[in-house]
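As structure tokens, the structure follows; a few thoughts come after it.
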Amino acid sequence: MKDFKKTVAEKIFDVKLISDNMDFDSVYMNVEVPTDNKMGDYAFPCFKLAKIFKKAPQAIAGELKDSINCGDEIDRIKNVNAYLNFYLRRELLVGEVVNGAIEENEKFGSSDIGENRKVIVEFSAPNIAKPFHIGHIRSTVIGNSINNIYSFVGYDTVRINHLGDYGTQFGKMIVAYRKWGNREDVEKEPIKTLLTYYTKFHEESESDPSLENDAREAFMKLEQGSEDETKLWQWFRDESLKEFNRVYTMLGIEFDSYAGESFYSDKMQRCLDELKEKNLLQESEGAQIVDLEEFGLGKALITKKDGSTLYITRDIAAAIYRKEHYDFYKNLYIVASQQNLHFQQWIKIIELMGYPWAHDCVHIPFGLVSLEEGTMSTRSGRVVFLEDVLKKAVEQTKQIIEEKNVTTDDVEEIADAVGIGAVIFNELSNNRIKDYVFSWGKILSFDGETGPYVQYSHARAASVLRKAPEESAKVANGEIKIDAKYLTSDRAYELSKLIYKLPQVIIEAADKYEPSVVTRHIIDIAQTFNRFYQDEYILVDGLDERAAKLGLVIAAKTAIRNGLGLLGIKAPEKM
RNA sequence: GGGCUCAUAGCUCAACUGGAUAGAGCAACAGCCUUCUAAGCUGUAGGUUCGGGGUUCGAAUCCCUGUGGGCUCACCA
């Protein structure tokens, strides 16, 4: 779509006084969007020019206003104090947006700035044999959305679920299972049962510290490839994945690779050798460390005194493997902010190893989820299961559908889309970095700035289009051209501008690794659409006007649907 | 104690990265369903942007400092 900001910048740059003193880019950069629609579409503040011209900025604004040639694109210019406010010819922008959105359809909002470069998105990464709880939703849903966004702006993405399927904890699990476990119970309810063993292990080890040693030994054997331990571990892993996949299916999330920590077990030695060869390893209290004190990053423990590895070793090995295997442009990690130090440490180590791509590895942190009773704790049973949250949200949606007597055969399908959409949307509506307290009340509220509100707006648009099926179809396939002069009211124009902005917003979300930017924007679109819907009757008698309005409805619907898609949320036609 | 991070309306959060009168939703109150879906729309009320300095034509945003919360600081991940 046409860049109207550039048009405005060009008009300003056409003035000789400006082009003599500034380059085009800095003019372009200084053009901004005013806080209030009444103040026009674009604004140019003249404060900075005051120094160059040694004149009051208000006076400069006044002079510039008279020397700018509006041409066909700009309707008028007003100078307010030190600002120059530009008002575009509305039908130009509206025509551009509505036709653009209709033509591009499911691609509307996308771009090709990624140039097909490879981006790895590591997300979700739950620990196997442990419950998939509400704390895991963040990495899962944020990561999925970042993947969608990167793919939409033209990157070739790879989704990796770096399962927590290795480490001393599995030594503990193996010891516990041998002592107290039985096969049938595990097969009936894998994670819950395994969890009871794990909890029992911790209880017992308080009075019997030798258990900890047994666990370390069991993990050491596992790492060395001992058959018995490997078999057990493999079984725990398979059973756990079955449960995780149930949740992923509900969320509509897929992965390209489930290469978890265990995948790198045979790549660890090479990594240790390399560290040694590059003189980075030191011995300390029997363990192997990399000293990062001079960078203010403490000491990184690479192997324990019994020689077994830790997760930092596995992350280093994984990064090297990924660079060789995928040759990524960027390698993104959607992992809680608790692990900031861990990421700083290993990325620094990669850098010290002499790999220039160290800084293409990016940790994308997010804040902590806690419960009203305190932080979540698997061991003490203070935990809310993600599956329960999703189910409850779907149930509540069903109830609401019944109360409202929605006429449809697909109650189940709609309830799934709306209930699960509500949970995902809630997760993606705030800045990643914010901590929050989980609350049933908030997650089950469907009024105001929520997923159901946005989906409802979409369904409303769909409903209007259904009332005029032939015409809508013709507008949608380009048989009827819309006349933008019917869409110049304040509401219609405001809506058009928000839709126009969507592609830029998506790029911004990619730059910031921040899905909430998209979430916020589609709330704005939905809100403005609802106001438009309220203020202006769409199915008017005049054929041209009706077609134009249907065009805008299609454009708004397209924008909302594509935006929701990036968040991983469905957009039902009815609800 | 060191490092990282957060603090904006009663509550949950925005604010185009330094711009104009700091905006939404929830909760409260008052209205709107005999034309397209009321999971909606309109209006009222609600602010010393944690305190104190500084830089700037201009600060919620940048710098210094204090306070308060969260995370983290070697054999867990």
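Every chain is numbered from 1, with letters handed out A, B, ... down the list of sequences.
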Item to complete: Grab the CD1-P distance between A/I560 and B/A39 for me, whole Å please.
Response: 16 Å

Worksheet item: If you measure from the C1' atom in B/A77 to the same atom in B/A39, how many Å do you get, rounded?
Response: 41 Å

Worksheet item: Since syn is defined as within 90° of 0, does B/C64 count as syn or as anti?
Response: anti

Worksheet item: Mind checking the C1' distance from B/C71 to B/G54? Whole angstroms is fine.
Response: 30 Å

Fill in: Under 3.5 Å donor-acceptor, A/S516 side chain and A/S429 backbone
no

Discussion item. How many whole angstroms separate atom CD of A/Q339 from atom C1' of B/U72?
Written reply: 11 Å

Worksheet, complete the sentence: A/F132 meets the ring pair (Phe, Tyr, Trp, His ring centres under 6.0 Å) criterion, sequence neighbours left out, with A/H136, A/F244, A/Y248

Discussion item. Suppose you measure atom C1' in B/G18 against the same atom in B/C63; what distance do you get, rounded to whole Å?
Written reply: 13 Å

Worksheet item: Angle class for the A/Y533/A/F529 ring planes (parallel below 30°, perpendicular above 60°, tilted otherwise)?
Response: tilted

Worksheet entry | Inter-nucleotide C1' distance (B/U65, B/G40), Å rounded | 49 Å

Discussion item. Listing request: all ring pair (Phe, Tyr, Trp, His ring centres under 6.0 Å) pairs with a residue in residues 420-448 of chain A, at least two apart in sequence or in separate chains.
Written reply: A/F438-A/W440

Worksheet item: OP1, OP2 of B/A14 versus side-chain N and O of A/K434: anything below 4.0 Å?
Response: yes

Worksheet item: How many Å lie between CZ on A/F343 and C1' on B/U72, as a whole number?
Response: 14 Å

Worksheet item: How long is the line joining CD of A/Q534 and C1' of B/G43, in whole Å?
Response: 13 Å

Item to complete: Look at the aromatic rings of A/H363 and A/F343 and report parallel, tilted or perpendicular, splitting at 30° and 60°.
Response: parallel

Discussion item. Would the distance check show the side chain of A/S265 and the main-chain N or O of A/E223 forming a donor-acceptor pair, the cut-off being under 3.5 Å?
Written reply: no

Worksheet item: To the nearest Å, how far apart are A/E536 CD and B/C36 P?
Response: 16 Å

Worksheet item: Can you check whether A/R382 reaches A/T375 side chain to side chain, under 4.5 Å on heavy atoms?
Response: yes

Worksheet item: Between B/U5 atom C1' and A/L341 atom CG, what is the distance in whole Å?
Response: 13 Å

Discussion item. Checking the side chain of A/Y87 only, and the main-chain atoms of A/Y42 only, is there a donor and an acceptor separated by less than 3.5 Å?
Written reply: no

Worksheet, complete the sentence: Whole-Å distance, A/K348 NZ to B/C73 P, equals 20 Å

Worksheet entry | B/G66 and B/G19, which share atom name C1', separated by this distance in whole Å | 29 Å

Worksheet item: How should the glycosidic conformation of B/U65 be described, syn or anti, under the criterion that syn lies within 90° of 0?
Response: anti

Worksheet entry | RNA chain B-proximal residues of residues 415-433 of chain A, any heavy atom under 4.0 Å | A/V418, A/N430, A/N431

Discussion item. Does A/K549 qualify as a cation-pi partner of A/Y486, given the criterion of NZ or CZ under 6.0 Å from the six-membered ring centre and within 45 degrees of its axis?
Written reply: no

Item to complete: Compare side-chain N and O positions of A/S337 against OP1 and OP2 of B/C71 and report whether any pair is under 4.0 Å apart.
Response: no

Worksheet entry | Consecutive-pair stems (at least three Watson-Crick or G-U pairs, under 3.5 Å) that include RNA chain B | B:1-7 with B:67-73, B:10-13 with B:23-26, B:28-32 with B:40-44, B:50-54 with B:62-66

Practice prompt. Using a 4.0 Å cut-off on protein heavy atoms (strictly under), produce a 5'-to-3' string for nucleotides 16-28 of chain B with B for base contact, S for backbone-only sugar-phosphate contact, and - for none.
Written response: BB-BB---BSS--

Worksheet item: Rounded to the Å, how far apart are A/R546 CZ and B/U35 P?
Response: 16 Å

Fill in: Flag, side chain of A/R216 to backbone of A/S308, donor-acceptor distance under 3.5 Å
no

Discussion item. Strictly distance-based, threshold 3.5 Å: is any side-chain N or O of A/Q455 a donor or acceptor partner for the main-chain N or O of A/A417?
Written reply: yes

Practice prompt. In whole angstrom, give me the gap between the C1' atoms of B/C36 and B/G43.
Written response: 24 Å

Discussion item. Against A/Y500, only a single residue in A/L495, A/D41, A/L93 fulfils side-chain contact (heavy atoms from CB on, under 4.5 Å); can you say which?
Written reply: A/L93

Practice prompt. Spell out, as yes or no, whether a donor-acceptor pair under 3.5 Å connects the side chain of A/R432 to the backbone of A/P365.
Written response: yes

Worksheet item: Where each residue is assigned the nucleotide of RNA chain B containing its nearest heavy atom, which of A/Q338 and A/Y166 is assigned the position nearer the 5′ end?
Response: A/Q338

Discussion item. Here's a test of your reading of the structure: between A/V517 and A/F219, which maps to the more 5' nucleotide of RNA chain B?
Written reply: A/V517

Worksheet item: Does any N or O in the side chain of A/Q345 come within less than 3.5 Å of the main-chain N or O of A/L297, such that one atom is a donor and the other an acceptor?
Response: yes

Worksheet item: Got a sec? Which of residues 304-316 of chain A come in under 4.0 Å of RNA chain B, heavy atoms?
Response: A/K304, A/K305, A/L310, A/Y311, A/R314

Worksheet item: Between B/G46 and B/C26, how far is it from one C1' atom to the other, in whole Å?
Response: 13 Å

Practice prompt. With P as the reference atom in both, quote the distance from B/C11 to B/U48 in angstrom, rounded to an integer.
Written response: 12 Å

Worksheet item: Is there a donor and acceptor pair, one atom on the side chain of A/S284 and one on the base of B/A74, closer than 3.5 Å?
Response: yes

Response to the item:
Side-chain contact check for A/N530: nearest option of B/C36, B/A39, B/C41 is B/C41

Worksheet item: Between B/U37, B/U35, B/A77, which nucleotide gets closest to the side-chain atoms of A/Y537?
Response: B/U35

